[in-house]
Amino acid sequence: MCGIVGLFLKDKSLEPQLGNLLSDMLITMTDRGPDSAGIAIYGGSAEGKAKITIQSSNPGADFDGLAADLEEAGIKAHVWIKSTHAVIELDASKLGAVREALERIRPAVRLMGSGESVEIYKEIGLPKDVVARFGVRAMSGTHGIGHTRMATESAVTTLGAHPFSTGADQCLVHNGSLSNHNNLRRELVREGMAFETQNDSEVAAAYLTAEMAKGKDLGQALTGALDDLDGFFTFVVGTKSGFGVVRDPIACKPAVMAETEQYVAFGSEYRALVNLPGIENARVWEPEPATVYFWDHDKAA
């Protein structure tokens, strides 16, 4: 049992409130998963810039002097430290180079996510503590997803927490369990995908990344997942401009959605949505089994 939330803003005036709204939604789901929690915020970046979020179990050692060491490696970057995580902003053309540099100069850090807009923060602990640790309430953005975990098949670790990110500006949160993840992982490894954990949810994220790399949009990739993934699942997925939801054909995991002219929201239970602005006038429904729901800022523009 885990708790999932997601919020996709249509109304730009709500963007400064994204972190605060999403934090309240996630904290409400605490009893569905007290082991660890995480949030992905899509907040954009300056033209031609990219961001990479990293995590360290020893931030004092790994983050001290990081900007200077990166510059010595030929990469000019700004580094913002947030507890056990740091966000590195740099020229988008240097995204590959900074990963190689980090492997050399800071081999202990772990990549949480990267791209032009996404920042991912996740740690062991209660949602309220994770939210406070990383200052999520003060963050603005266009959309975001969150997860609070009750581990059933793998260890309680930072890397095992959700969201899982396996591609630029892509991440996934999952409630459920996949039965064919080992076979699918082997296939994806042959295609060049790399994995950090043995978690089945990371395989789902990598599957979607691989499908979108073939030219599919998020909605098309989620449709393919209905045929290619076995097990019980509710997925909420974010891309740079998109937000998608899908449940398996049996749909035994709880889910509720709400839509107004200002936003689309997802929660494992309705109580995650009750404090959203205008919820009393929202269209509220339970997402259908084996049905893809997909919104995209770029396609709406």
Side-chain angles (χ1 to χ4, degrees), residues 2-8 18-19 21-23 25-27 29-30 32-33 35-43 51-55 82 84-85 87 110-127 130-131 133-134 136 139 141-151 154 156-176 178 181 193-209 212 218 221-222 225 229 233-246 253 255 265-268 272:
C2 298
I4 300 176
V5 297
L7 187 59
F8 178 88
L18 176 67
L21 293 170
L22 200 59
S23 294
M25 294 169 70
L26 187 64
I27 290 169
M29 293 289 95
T30 296
R32 294 193 62 85
D35 297 333
S36 55
I39 280 185
I41 297 284
Y42 288 85
K51 296 185 284 189
I52 181 168
T53 310
I54 57 175
Q55 183 269 353
K82 292 188 175 184
T84 58
H85 289 45
V87 178
R110 298 302 185 102
L111 174 65
M112 298 290 100
S114 66
E116 294 181 22
S117 63
V118 73
E119 296 178 22
I120 296 176
Y121 302 93
K122 58 183 187 178
E123 273 294 0
I124 296 168
L126 296 172
V130 173
V131 162
R133 168 179 276 188
F134 300 117
V136 175
M139 298 182 69
T142 56
H143 55 298
I145 63 177
H147 185 275
T148 182
R149 183 178 184 226
M150 182 177 288
S154 56
V156 178
T157 64
T158 299
L159 284 179
H162 301 216
F164 282 99
S165 180
T166 54
D169 286 315
Q170 297 172 16
C171 65
L172 169 145
V173 292
H174 172 207
N175 183 18
L178 301 181
H181 60 97
M193 296 297 298
F195 292 88
E196 295 281 352
T197 74
Q198 293 299 309
N199 194 294
D200 60 335
S201 304
E202 187 180 15
V203 175
Y207 167 84
L208 295 176
T209 297
M212 286 187 277
L218 175 57
L222 288 171
L229 301 182
F233 56 84
T234 296
F235 297 139
V236 179
V237 185
T239 66
K240 180 183 175 183
S241 60
F243 175 83
V245 173
V246 69
K253 298 299 180 180
F266 176 95
S268 291

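Contact of the Q170 side chain with the V237 side chain is not registered, since no non-hydrogen atoms from C-beta on lie closer than 4.5 Å. At least one side-chain heavy atom of D200 sits under 4.5 Å from a side-chain heavy atom of H174. Within the 4.5 Å cutoff, the side chain of T53 has heavy atoms near those of the V87 side chain. For the pair I145 and F243, the minimum side-chain heavy-atom distance is below 4.5 Å.
Between I120 and P163, the closest heavy-atom pair is CG2-CD, 4.1 Å. Nearest heavy atom pair, residue V5 against residue A272, reads CG1-CB, 4.1 Å. Contact record, L208 with A225: CD2-CB, 4.5 Å, taken as the closest heavy-atom pair. Summarising the geometry of M29 relative to G3, their closest heavy-atom pair is CB-CA, 4.2 Å, with the distance given to 0.1 Å. Of all non-hydrogen atoms in M139 and I41, the two that sit nearest each other are CE-CB, 3.9 Å. Between G160 and N199, the closest heavy-atom pair is O-ND2, 3.7 Å.
Separation of atoms OH (Y207) and CG (L229) is listed at 6.0 Å; rounding is to 0.5 Å. Here the straight-line distance linking atom CD1 of I124 with atom CZ of R149 works out to 9.5 Å at 0.5 Å rounding. Put simply, OG on S36 and CG on L159 are 11.0 Å apart, with the number rounded to the nearest 0.5 Å. Separation of atoms OG (S165) and CG (L172) is listed at 10.0 Å; rounding is to 0.5 Å. Note that CG of L7 and CG of L18 are 5.5 Å apart. Values are rounded to the nearest 0.5 Å. Considering CZ of F235 and CG of L178, their distance stands at 5.0 Å, rounded to 0.5 Å.
Around NZ of K253, the count of heavy atoms belonging to other residues, nucleotides or ligands within 6.0 Å exceeds 12.
Counting only N and O atoms by type, the side chains of E123 and T158 include a donor and acceptor under 3.5 Å apart.
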> Taking it one step at a time, do K122 and F134 satisfy side chain to side chain contact (heavy atoms under 4.5 Å, CB included)?
Replying inline: CA-CA 9 Å; K122 58 183 187 178; F134 300 117; over 6 Å; no
> Going through the checks in order, is the side chain to side chain contact (heavy atoms under 4.5 Å, CB included) test met by T239 and D169?
Replying inline: CA-CA 5 Å; T239 66; D169 286 315; 5.8 Å; no
>> Working note: R32 + N175, criterion side chain to side chain contact (heavy atoms under 4.5 Å, CB included); need CA distance, chi angles, decisive distance, verdict.
In response: CA-CA 10 Å; R32 294 193 62 85; N175 183 18; 3.7 Å; yes
> Going through the distances and angles, do I39 and V131 end up as a side chain to side chain contact (heavy atoms under 4.5 Å, CB included)?
Replying inline: CA-CA 8 Å; I39 280 185; V131 162; 4.3 Å; yes
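Looking at E116, its side chain never comes within 3.5 Å of a backbone N or O of K240 through a donor-acceptor pair.
Aromatic ring pairs are classed by plane angle as parallel below 30°, tilted from 30° to 60° and perpendicular above 60°; the pair H143 and Y42 is parallel.
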